[in-house]
Amino acid sequence: MPVGLFTMVAIYLVCWWVVLFAILPLGMNQQAQERPEDGAQWGAPAQPNLKKKFLTTTWVAAVLWAVIMVMVWIGWMPIPDLAPPVA
């Protein structure tokens with residue numbers, strides 16, 4: 001494999017965070033929400049479903065990571081070697 005374990009984990013973590021921020025707003029509907037009377041934040045969802053969103057983020061990021069690793073493996077998306085040459 002042209003990349004090391006540390007690089008693969010770093011790529012997965014970047015994928016996970018990007019997918020998380022893409023999935024967080026899904027399913028949020030503010031139209032049917034009542035105006036809070038107790039001083040709560042107006043934009044906060046009543047049911048955020050974070051556990052479901054984290055699980056969804058994990059498997060979507062795993063699929064995206066696998067696609068990226070295949071592209072790196074076959075050479076369509078090469079990762080440059082950033083280490084300085086040994087003199």
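Every value quoted in this text rests on a predicted model; they were computed, and no experiment measured them.
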Under a 4.5 Å side-chain heavy-atom rule over Ile, Leu, Val, Met, Phe, Trp and Tyr, are [X] and [Y] clustered together?
{"X": "M69", "Y": "W17", "value": "yes"}
{"X": "V67", "Y": "V18", "value": "no"}
{"X": "F6", "Y": "V14", "value": "no"}
{"X": "M77", "Y": "L13", "value": "yes"}
{"X": "V19", "Y": "L55", "value": "no"}

What residues, two or more places apart in sequence or in another chain, satisfy side-chain hydrogen bond (donor to acceptor under 3.5 Å, both in side chains) together with T7?
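If we apply the side-chain hydrogen bond (donor to acceptor under 3.5 Å, both in side chains) test to T7, skipping adjacent residues, there are no hits.
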Would you please name every residue forming a side-chain hydrogen bond (donor to acceptor under 3.5 Å, both in side chains) with W16, sequence neighbours left out?
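Scan of W16 (side-chain hydrogen bond (donor to acceptor under 3.5 Å, both in side chains), adjacent residues dropped) gives T58.
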Just do the side chain to side chain contact (heavy atoms under 4.5 Å, CB included) check on F54 and L20 with the steps written out, would you?
CA-CA 7 Å; F54 284 167; L20 175 67; 3.5 Å; yes
Please report the shortest heavy-atom distance between L26 and K53, naming the atom on each side.
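Closest pair (atom of L26, atom of K53, distance): O-NZ, 3.0 Å.
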Compare every heavy atom of C15 with every heavy atom of I68, then report the nearest pair and how far apart it is.
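Closest approach of I68 to C15, heavy atoms only: CD1-SG, 3.6 Å.
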CD1 of I23 to CG of L50: how many Å apart, nearest 0.5 Å?
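Going from CD1 on I23 over to CG on L50, the span is 12.0 Å.
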